[in-house]
*Asks:* 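Take a look at this one; I'll ask things after.
Residue numbers start from 1 in every chain, and the chains themselves are labelled A, B, ... in the order their sequence lines are given, proteins ahead of strands.
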Number of protein chains: 2
Amino acid sequence: MVTIKDVAKATGVSPSTVSRVIADNPRISPDTKKKVRKAMKELGYHPNINARNLVVKSTKAIGVIMPSSANTALQNPFFPEILRGIGSVTHNMQYSMMLSSGESDEEIYAEVQRMVYGSYIDGVILLYSRVNDRVMNFLQENEFPFVIVGKPYENINKITHVDNDNFAAGKEITRHLIEQGHEKIAFIGGSKDLFVTMDREAGYEAALKEAGLMDCDEYKIHTEFLKSGGREAVEDLLALDNRPTGIVVSDDLMSLGVLSTLEESGVNVPQDISLVSFNNVYLSEITRPALTTVDVNIYELGAQSAKALIEKTVTKTEPSKRIIVPYKIVYRDSVSKKA
Amino acid sequence: MVTIKDVAKATGVSPSTVSRVIADNPRISPDTKKKVRKAMKELGYHPNINARNLVVKSTKAIGVIMPSSANTALQNPFFPEILRGIGSVTHNMQYSMMLSSGESDEEIYAEVQRMVYGSYIDGVILLYSRVNDRVMNFLQENEFPFVIVGKPYENINKITHVDNDNFAAGKEITRHLIEQGHEKIAFIGGSKDLFVTMDREAGYEAALKEAGLMDCDEYKIHTEFLKSGGREAVEDLLALDNRPTGIVVSDDLMSLGVLSTLEESGVNVPQDISLVSFNNVYLSEITRPALTTVDVNIYELGAQSAKALIEKTVTKTEPSKRIIVPYKIVYRDSVSKKA
DNA sequence: CTGTTAGCGCCTTCAG
DNA sequence: CTGAAGGCGCTAACAG
């Protein structure tokens with residue numbers, strides 16, 4: 001391995017001078033800079049990141065923590081996409097990203113501890129948000145920089161987070177159904193622990209109320225963010241005496257399950273039942289019919305959170321903030337007018 | 001930050017002793033071990049990974065490099081799934097994984113250089129394999145440990161790789177179609193640069209030959225590993241005078257595109273055209289109809305490659321090897337008997 | 001079984 | 001504008 005000393009020797013300057021040209025210190029003469037850089041190139045010198053980290057106490061790496069069910073989580077195209085967003089900015093800023101690989105809460109917690117205490121990383125992005133999360137508490141207690149994607153349960157203005165206006169989105173997409181003449185509209189969402197679900201559902205309820213429509217409990221179902229979840233939900237809904245004619249589903253992947261179960265049951269979408277959904281994952285234009293869904297701009301969610309986190313880690317004193325990424329409804333073929 | 005010295009002082013021993021209990025060195029008395037560990041806990045000591053790395057010259061982290069089109073790559077559920085496999089073993093062995101985030105060839109190359117030269121990582125897993133890849137050449141020249149998922153273009157027995165027997169799989173799945181009475185069978189694959197495609201295609205051809213069926217060029221289409229790719233391919237196929245009744249598609253995601261294009265064109269699967277595919281991504285059981293596909297055991301592909309890589313990095317002299325992960329055909333609803 | 005001594009490769013005062 | 005010296009936190013011989 002070629003070190004700073006080697007290039008110092010080769011150039012006839014001292015190691016500290018080399019160090020300074022690496023940092024592009026302005027008080028080094030252009031001449032020596034040129035010389036040194038040339039030597040670096042010739043010798044194939046590359047700074048050893050560990051040595052540097054050791055002294056500057058920064059790794060220029062961030063940890064990205066997936067929800068505890070990492071196994072199932074990665075199945076949702078939401079995550080790959082958000083990773084892309086994060087990756088784009090880490091890459092531009094010459095940061096690396098370290099992915100969590102634990103599958104249980106326990107494992108993840110241990111992993112985060114290792115990352116933080118071992119100074120593997122400068123900060124973390126939490127790709128989920130739920131009530132009373134151990135990992136988040138840990139991060140807070142240690143005053144370790146982090147940002148969460150979604151809405152924090154409490155201390156909402158003490159925690160930097162990037163989110164959509166899920167309430168507004170839920171309201172708007174539900175209103176779309178209403179405008180098409182639907183009056184019996186159901187909601188299928190994920191766990192009530194998750195803020196996404198709650199916000200979207202609140203929006204849905206607000207839209208119903210505004211239109212003077214009934215808002216009954218049997219139309220609201222909570223299940224897993226997966227295809228299987230969608231399946232069960234539909235069965236419940238179809239068993240109702242008073243079947244809905246429209247459904248608001250809080251995740252595209254769930255919609256997939258909903259769609260296929262509906263089809264199996266001989267219900268046509270959108271003729272018999274209209275469907276609207278959330279996220280606009282690439283799948284949603286592939287399904288038959290293609291989904292009308294709210295594009296939450298997943299990529300941007302990732303990019304913004306990475307940006308915010310990195311800012312936070314460099315200027316240790318960055319105030320916490322709330323970043324709202326705009327959404328946009330994408331109209332496709334899963335909704336039809338109700339006579 | 002609490003260091004090794006602090007706990008040494010607190011315990012009344014020397015730093016090296018503390019270091020040894022960290023490494024669980026057998027020549028330390030159980031007594032002192034206990035004492036030291038207690039102090040570590042009380043002080044909240046955690047070893048600084050950078051300091052350690054600096055001296056032992058190992059980071060216990062591996063780099064995972066995605067295909068250059070990382071943007072589109074992550075869209076294929078294949079990658080999240082293989083990450084899961086890799087993650088499972090890195091996690092067990094207390095390794096971390098660093099994900100590439102570059103989007104162009106150029107960026108990725110630079111990224112890998114940084115990872116390697118900066119001693120961020122001990123080894124890399126290449127999640128693709130193509131002819132004359134710059135990154136791979138770089139790794140080879142620098143004798144940096146790496147394994148590739150797939151089949152290397154050359155030096156096949158000098159490069160550790162983990163792969164399926166794609167030839168056999170291609171042959172077997174095609175034979176399935178033949179056994180169901182199909183005689184006009186097309187093949188849709190990805191770029192010819194990629195070994196996966198070539199191997200699967202060769203298997204397909206072998207099966208046709210064995211059955212004495214015709215093997216014509218207009219039945220073989222190469223396109224992108226994406227939904228859009230599937231779409232174009234189908235249009236070409238349907239334009240033929242002599243339409244195939246069966247199609248072998250070399251990737252589930254492509255099959256999705258194929259499926260939806262077929263449906264739009266009013267062809268029924270499997271009544272009019274039967275479809276078989278590869279990978280058994282979770283999507284393949286969600287589609288209508290669910291896909292008959294070869295399960296290549298993506299998770300295992302990832303796990304094996306991580307295992308092999310880590311072995312390689314610890315025993316610097318591990319011989320290169322070829323690891324074949326078994327596949328299994330999953331029969332679902334996309335194939336029907338031809339009268 | 002344990003302490004002492006040297007660094008790992010780099011950055012950062014402090015002097016010139 | 002540049003050198004010398006010291007230290008980041010840890011491990012690894014080498015002594016005892």
*Asks:* Please list, for nucleotides 8-10 of chain C, all pairs of protein and nucleotide N/O atoms separated by less than 3.5 Å.
*Replies:*
unit_1: C:dC8; atom_1: O3'; unit_2: B:K57; atom_2: NZ; d: 3.1
unit_1: C:dG9; atom_1: OP1; unit_2: B:K57; atom_2: NZ; d: 3.3
unit_1: C:dG9; atom_1: N2; unit_2: A:A51; atom_2: O; d: 3.4
unit_1: C:dC10; atom_1: OP1; unit_2: A:Y45; atom_2: OH; d: 2.6
unit_1: C:dC10; atom_1: OP1; unit_2: A:N48; atom_2: N; d: 3.0
unit_1: C:dC10; atom_1: OP2; unit_2: A:I4; atom_2: N; d: 2.5

*Asks:* So which atom in B:S96 and which in A:Y120 form the shortest heavy-atom distance, rounded to 0.1 Å?
*Replies:*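 That would be OG-CE2, 3.8 Å.
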
*Asks:* Please list, in numerical order, the residues of residues 110-121 of chain A that have a heavy atom closer than 4.0 Å to any atom of DNA chain D.
*Replies:*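 Heavy-atom cutoff 4.0 Å gives no residues at all.
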
*Asks:* For residues 83-107 of chain A, pull every pair meeting ring pair (Phe, Tyr, Trp, His ring centres under 6.0 Å), keeping only residues two or more places apart or in separate chains.
*Replies:*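 Not a single pair qualifies under ring pair (Phe, Tyr, Trp, His ring centres under 6.0 Å).
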
*Asks:* Compute the bend angle of the helix from C:dC1-D:dG16 to C:dG16-D:dC1 from the end axes (five pairs per end), rounded to 10°.
*Replies:*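 Roughly 40° between the end axes, to the nearest 10°.
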
*Asks:* Mind checking side-chain hydrogen bond (donor to acceptor under 3.5 Å, both in side chains) for A:T313 and listing every partner two or more places apart, or none if nothing turns up?
*Replies:*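 By the side-chain hydrogen bond (donor to acceptor under 3.5 Å, both in side chains) rule, A:T313 matches no residue at all.
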
*Asks:* Does B:K9 NZ have over 12 foreign heavy atoms under 6.0 Å away?
*Replies:*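 Incorrect, the count does not exceed 12.
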
*Asks:* Is B:E111 salt-bridged to B:R114, going by a charged N under 4.0 Å from an acidic O?
*Replies:*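 Salt bridge between B:E111 and B:R114, a charged N being under 4.0 Å from a carboxylate O: no.
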
*Asks:* Considering only distance and modelled atom types, tabulate donor-acceptor pairs under 3.5 Å from the side chains of residues 145-158 of chain A, sequence neighbours left out.
*Replies:*
unit_1: A:K151; atom_1: NZ; unit_2: A:D199; atom_2: OD1; d: 3.2
unit_1: A:K151; atom_1: NZ; unit_2: A:D199; atom_2: OD2; d: 3.0

*Asks:* Check A:K307 with A:E300, please: is the shortest side-chain N to carboxylate O separation under 4.0 Å?
*Replies:*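 The answer is no: the pair does not qualify as a salt bridge.
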
*Asks:* Measure from the side-chain N and O atoms of A:T11 to the backbone N and O of A:V13, and report whether any donor-acceptor pair falls under 3.5 Å.
*Replies:*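 Flag not set: sc A:T11 to bb A:V13 has no pair under 3.5 Å.
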
*Asks:* Compute whether any side-chain donor of one residue and acceptor of the other, for B:S16 and B:S19, lie under 3.5 angstrom apart.
*Replies:*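 No donor-acceptor contact under 3.5 Å links the two side chains.
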
*Asks:* Quick one: CD1 on B:I108 to CE on B:M115, what's the gap to the nearest 0.5 Å?
*Replies:*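 Answer for the CD1-CE pair, B:I108 versus B:M115, is 9.5 Å.
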
*Asks:* In this structure, which one of A:I62, A:V64, A:V135, A:L139 forms a side-chain contact (heavy atoms from CB on, under 4.5 Å) with A:V124?
*Replies:*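 Testing A:V124 for a side-chain contact (heavy atoms from CB on, under 4.5 Å) against A:I62, A:V64, A:V135, A:L139 leaves exactly one candidate, A:L139.
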
*Asks:* Collect all protein-nucleotide pairs involving nucleotides 2-5 of chain C in which both atoms are nitrogen or oxygen and the distance is under 3.5 Å.
*Replies:*
unit_1: C:dT2; atom_1: OP1; unit_2: B:S29; atom_2: OG; d: 3.4
unit_1: C:dT2; atom_1: OP1; unit_2: B:T32; atom_2: OG1; d: 3.4
unit_1: C:dT2; atom_1: OP2; unit_2: B:S29; atom_2: N; d: 2.9
unit_1: C:dT2; atom_1: OP2; unit_2: B:T32; atom_2: OG1; d: 2.9
unit_1: C:dG3; atom_1: OP2; unit_2: B:S14; atom_2: N; d: 3.0
unit_1: C:dG3; atom_1: OP2; unit_2: B:S14; atom_2: OG; d: 3.4
unit_1: C:dG3; atom_1: OP2; unit_2: B:T17; atom_2: OG1; d: 2.5
unit_1: C:dG3; atom_1: N7; unit_2: B:R20; atom_2: NH2; d: 2.6
unit_1: C:dG3; atom_1: O6; unit_2: B:R20; atom_2: NH1; d: 3.2
unit_1: C:dG3; atom_1: O6; unit_2: B:R20; atom_2: NH2; d: 2.8
unit_1: C:dT4; atom_1: O4; unit_2: B:S16; atom_2: OG; d: 3.0

*Asks:* Taking only residues two or more places apart in sequence, or in another chain, which ones meet A:E107 in a salt bridge (Lys or Arg N to Asp or Glu O under 4.0 Å)?
*Replies:*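 In terms of salt bridge (Lys or Arg N to Asp or Glu O under 4.0 Å), with neighbours along the sequence ignored, A:E107 is linked to no residue.
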
*Asks:* Does A:S58 have any side-chain hydrogen bond (donor to acceptor under 3.5 Å, both in side chains) partners at least two apart in sequence or in another chain, and if so, which?
*Replies:*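 A:D122.
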
*Asks:* What residues, two or more places apart in sequence or in another chain, satisfy side-chain contact (heavy atoms from CB on, under 4.5 Å) together with A:D6?
*Replies:*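 Residues passing side-chain contact (heavy atoms from CB on, under 4.5 Å) with A:D6: A:V2, A:T3, A:L43.
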
*Asks:* Calculate the interatomic distance between A:K60 atom NZ and C:dC11 atom C1'; express it in whole Å.
*Replies:*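 Checked: the NZ to C1' distance equals 15 Å.
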
*Asks:* What is the 5' to 3' range of DNA chain D, first to last nucleotide, that sits under 4.0 Å from any heavy atom of chain A?
*Replies:*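 In short, chain A contacts DNA chain D from D:dC1 to D:dG9.
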
*Asks:* Keeping to residues at least two apart or across chains, list the ring pair (Phe, Tyr, Trp, His ring centres under 6.0 Å) pairs with something in residues 10-65 of chain A.
*Replies:*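 Qualifying pairs, neighbours excluded: A:H46-B:Y117.
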
